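One structure below.
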Amino acid sequence: MTLIPGDGIGPEVAAAARRVVDCVGAGIEWDVQEAGVPAIETHGSPLPPHVLDSIKANRVALKGPVTTPVGTGFRSVNVALRQDLDLYASVRPCRLYPGVPSRFEGVDIVVVRENTEDVYEGIEFEVGSREVTKLRGYLSYMHGFRLAPDAGVSIKPISISATKAIVDFTFEYAKRYRRRKVTLGHKANIMRFSDGVWLETGERRAEDYRDVGFEAIQVDELAMWLAWHPEEFDVIVLPNLYGDVISDLCAGLIGGLGVAPGMSLGKDYAVFEPTHGSAPDIAGQGLANPIAMILSAGLMLRYLKLDDAANSLEGAVAGVLAAGRLRTADLRPSGEPARTTEVADAICAALEHRPL
Ligand code: NAD
């Protein structure tokens, strides 16, 4: 299995996750690859070609967070992985474990985000550029639209084919994991020709999955309901931008980024990684919460059909969280915060009492 520790807190949480997976005894062999800041230093690129080759050979990777380089000319590693491996579905299970401080109870939501289109596709025109001036002229001449002379522009493409792929993925996921309902978020009343495609395609696909409940809801209303009655939601499918925002919102419902796992899936490859970033503010201090990364490794085990191993890992994590004795600083402990390695040790100790 490819293991990319990443940078910032990545190597700390990756070491913890690796230790726990080894403790589970699932027989995973690790092919460790550098990406991000360490790879820039040793290979002159944050994502050297041999790292991609390793993922393609293994088909599955467990990945720590990687800092997005700003102003270096390098492409974001996360965007590059999504595009090069065609990881069109980002899945973020947000389950509130007993013992984790939260204002809510009974939250168990899976956010599925379309990963390839929308305003994140990268079709952008810089303010004041020759291209945006031409675009302004075209829009005014052809359609009578007035674009402010000091506007930058990002284009929002949403296709029937990509929507169909992600909606089908979501229903198949809901069926496989016996979830009761899919909620599709949109803003089709305003963006009739992009979100309109999303809504219409989603509603049409839902007709083929009548054994799973379905509802469509405007994304602003969805945000309101999530902040009020999150226990009402089950699986939520969203276009790229809304999915990015709502999945962080849902992480906030279940105790924050430190406990929110994730995975990016395509037809051929899968990359498992926590929702959080490289957290430079706490990197190298042994303070990071490794639970999000450990639960991401659990999702990987489940994807590999190692269900017993995944159940053991999740059970041990749940046990440590419920005991409430060892909490990293982000989970607001009343006493001394636990260190990253202590949490991994405790989970391994819990696993000893839960043999496969
Ligand atoms: P972040 O998620 O790294 O940090 C946000 C806040 O949450 C910080 O206060 C941080 O200390 C805290 N935090 C995050 N993970 C934590 C953990 N496991 N335990 C305890 N506290 C935790 O977001 P950011 O600061 O906006 O981003 C930092 C860098 O990470 C940026 O370069 C960003 O682009 C990158 N990033 C990478 C990924 C990825 O690799 N998948 C995802 C998001 C952001």
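Order of listing sets the numbers, starting from 1, for every ligand and every atom in it. None of these values were measured; they are calculated from a predicted model.
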> Looking at Tyr209 versus Phe214, is the centre-to-centre ring distance below 6.0 Å?
Replying inline: no
Enumerated ligand 1 atoms positioned under 4.0 Å from heavy atoms of [X]:
X	answer
Pro280	28 (C)
Ile9	15 (N), 16 (C), 17 (C), 18 (N)
Glu273	41 (N)
Ala288	19 (N)
Lys63	39 (C), 40 (O), 41 (N)

>> Under the side chain to side chain donor-acceptor pair (under 3.5 Å) definition, can you give me all pairs with a residue in residues 140-153, not counting sequence neighbours?
In response: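 Every pair satisfying side chain to side chain donor-acceptor pair (under 3.5 Å) with a residue in residues 140-153: there are none.
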Return yes or no for this condition: an N or O of [X] is under 3.5 Å from an N or O of ligand 1.
X	result
Asn289	yes
Ala279	yes
Thr275	no

Closer than 4.0 angstrom, basic N to acidic O: yes or no for [X] and [Y]?
X	Y	value
Asp108	Arg95	no
Glu314	Arg302	yes
Asp268	Lys56	no
Asp220	Lys187	yes
Asp345	Arg19	yes

> Can you check whether Ser54's main-chain N or O pairs, donor with acceptor, with Thr2's side chain at less than 3.5 Å?
Replying inline: yes
> If hydrogens are left out, which of Thr328, Leu331, Ile282 has an atom nearest to atom 20 (C) of ligand 1, that is, the closest non-hydrogen atom?
Replying inline: Ile282
> Nearest to atom 38 (C) of ligand 1 by heavy atom, Asn78, Leu287, Leu257, Ile291: which?
Replying inline: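 Looking at heavy atoms only, the winner is Asn78.
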> What part of Asp281 sits under 4.0 Å from ligand 1 if we count only heavy atoms: the side chain, the backbone, both or neither?
Replying inline: side chain
>> Using a 4.0 Å heavy-atom cut-off, which part of Asp330 comes near ligand 1: side chain, backbone, both, or neither?
In response: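 Only the side chain of Asp330 comes within reach of ligand 1.
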Considering only protein heavy atoms, which is closest to [atom], and at what distance to one decimal place?
atom	answer
atom 35 (C) of ligand 1	Val66 O, 3.6 Å
atom 33 (C) of ligand 1	Thr68 OG1, 3.8 Å
atom 36 (N) of ligand 1	Gly277 CA, 3.4 Å

>> Going by side-chain hydrogen bond (donor to acceptor under 3.5 Å, both in side chains), name the residues that satisfy it together with Asp208, two or more places apart in sequence or in a different chain.
In response: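 For Asp208, the residues satisfying side-chain hydrogen bond (donor to acceptor under 3.5 Å, both in side chains) (neighbours in sequence not counted) are Arg205.
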>> Among Pro46, Pro65, Pro38, exactly one meets side-chain contact (heavy atoms from CB on, under 4.5 Å) together with Asp7. Which residue is that?
In response: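 Running side-chain contact (heavy atoms from CB on, under 4.5 Å) over Pro46, Pro65, Pro38 with Asp7 returns exactly one hit, Pro38.
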